[in-house]
Amino acid sequence: MTGTRQRRRSPAPRAGEEQRAALARERRGRRTEEERQRTRARTSARSGRSTRAAARKSRPTRGKEIRRRWVALLTVVTLVALGYLLFFSSLLAVKTIEVQGAKTVSADQIRATAAVPPGQPMLRADVDGIRDRVAQMPGIATVDVSRSWPTTLEIAVTERTAIAFFDSGPGGDGVHLVDGGGVVFKTVKTRPVGLPELKLPKVSVDDPVTRAVTAVLGVLPEQLLKQTKTVTAQTPASVEFTLSTGKTVRWGNAENTDRKAKVLAALLTQQGKIYDVSAPELPTITS
């Protein structure tokens, strides 16, 4: 009996141990506010040290910073030197002016009109101004100016081509050549061979009648143009010309050129003095 009672009491000490352990755990969890603040401070300090260490690692070293400054300085010096070389130095200055396309107009005269200052740097050459000055020359129709590095300017011109002439008569200033746009661009002493003569109230690029006549001459078939001796008109739609055979052609305006040329070629095989193809659908022949 005694032994049985002792075995039944044995669980009591184990219960006491469990209570003491639970109490210890409870005490460990009950940290004071001061202890919590100290813990947070330690954590913050560790975090700050980590951040400063990372910043020191990402910050460039003094050697790298010096190299960067030298690279920036050399870049600036290079750009300044290049700018001086291109805009001010005589190493890349204009030394040659090549003229292309000049036949009746003197190449030296074109160079003189271009007026490029001696030794001017290539990039400072005013190509637009050069083009405008050369384009004002009477015998020049179009101008193109370009740079050919390192030291050459190229001026390519298209000269005006005479399509007719007019004579200012006694007391006038001579015989004047006219191009396909009605521009009077040159004065000569004698009548040119192979060009028709304009007999108009006035000849000017601003005159509608002049422009109509030169437009008709510009579209005439070559064979017919060679036979044309004189051209006259009172209005832009009343162009007519006289052939070397003495026959007169009433052409009208500059429209329906191909049709008019074919009809006229057929009419000229017939006898007549005046051939009217101004309305090619209803051509007429007058004896």
Heavy-atom side-chain proximity of I274 to I285 below 4.5 angstrom: no
Min side-chain heavy-atom separation D144-R131 under 4.5 Å: no
Intermediate values then yes/no, side-chain contact (heavy atoms from CB on, under 4.5 Å), E98 and I155: CA-CA 6 Å; E98 293 185 358; I155 303 177; over 6 Å; no
Identified side chain to side chain contact (heavy atoms under 4.5 Å, CB included) partner of P236 from the options V209, V213, V216: V209
Between CD on residue Q100 and OG1 on residue T158, distance to nearest 0.5 Å: 10.5 Å
Shared hydrophobic cluster for I140 and V145 (ILVMFWY, side-chain gaps under 4.5 Å): yes
Minimum heavy-atom distance between Q120 and D126, given as atom pair plus value: OE1-N, 4.5 Å
Smallest separation among heavy atoms of K202 and D207, with atom names: O-OD2, 3.4 Å
M137 versus V105, closest heavy-atom pair with distance: CE-CG1, 3.7 Å
Worked verdict on E197 versus T230 for side-chain hydrogen bond (donor to acceptor under 3.5 Å, both in side chains): CA-CA 5 Å; E197 180 182 2; T230 61; over 6 Å; no
Polar contact flag, side-chain donor to acceptor under 3.5 angstrom, D108-S106: no
Side chains of V127 and S146 in contact at under 4.5 Å (non-hydrogen atoms): no
Separation between CG of L225 and CG of L243, rounded to the nearest 0.5 Å: 10.5 Å
Donor-acceptor pair, side chain of E240 and main chain of A233, under 3.5 angstrom: no
Expected output: side-chain R160 to main-chain T142 donor-acceptor under 3.5 Å: no
Q271/S287 under side-chain contact (heavy atoms from CB on, under 4.5 Å): CA gap, chis, key distance, verdict: CA-CA 7 Å; Q271 294 293 325; S287 301; over 6 Å; no
V116 with W149, same ILVMFWY side-chain cluster at under 4.5 Å: yes
Q234 atom CD: more than 12 heavy-atom contacts under 6.0 Å: no
Donor-acceptor contact present, side-chain T232 to main-chain K199, <3.5 Å: yes
Any side-chain heavy-atom pair of T151 and V94 under 4.5 Å: no
Connected via hydrophobic side-chain network under 4.5 Å: F165 and F185: yes
Cluster link I163 to V183, ILVMFWY, side chain under 4.5 Å: no
Atom CD of E281: over 12 foreign heavy atoms under 6.0 Å: yes
Single-linkage hydrophobic cluster Y275~V231, side-chain heavy atoms < 4.5 angstrom: yes
Note: R191-D167 ion pair, threshold 4.0 Å (strictly below): yes
Separation of L267 CG from K247 NZ (nearest 0.5 Å): 10.0 Å
Geometric class of the W251/F241 ring pair [parallel <30°, tilted 30-60°, perpendicular >60°]: tilted
For the student: nearest non-hydrogen atoms of R211 and V205, plus distance: NH1-O, 3.1 Å
Donor-acceptor under 3.5 Å (E154 side chain, I97 main chain): no
Any donor-acceptor pair under 3.5 Å from R133 side chain to A114 backbone: yes
Between NZ on residue K262 and CG on residue N256, distance to nearest 0.5 Å: 12.0 Å
Pair T161, D179: side-chain N/O donor-acceptor within cut-off below 3.5 Å: no
Whether T248 side chain and T242 backbone form a donor-acceptor pair below 3.5 Å: no
S278 to D276 - nearest heavy-atom pair and separation: OG-OD1, 2.6 Å
Side-chain H-bond candidate by donor/acceptor type, N253 with K260, under 3.5 Å: yes
Residue pair S244 / Q227, side-chain donor-acceptor N/O under 3.5 Å: no
Any donor-acceptor pair under 3.5 Å from T228 side chain to L224 backbone: yes
4.5 Å side-chain heavy-atom contact, K186 and P138: no
Contact summary for V175 and P192, nearest pair of heavy atoms: CG1-CD, 4.0 Å
Qualifying residue for side chain to side chain contact (heavy atoms under 4.5 Å, CB included) with V184, from L198, L177, V203: V203
From OG (S148) to CE (M122), nearest 0.5 Å: 6.5 Å
Interatomic distance, L153 atom CG to K95 atom NZ [nearest 0.5 angstrom]: 13.0 Å
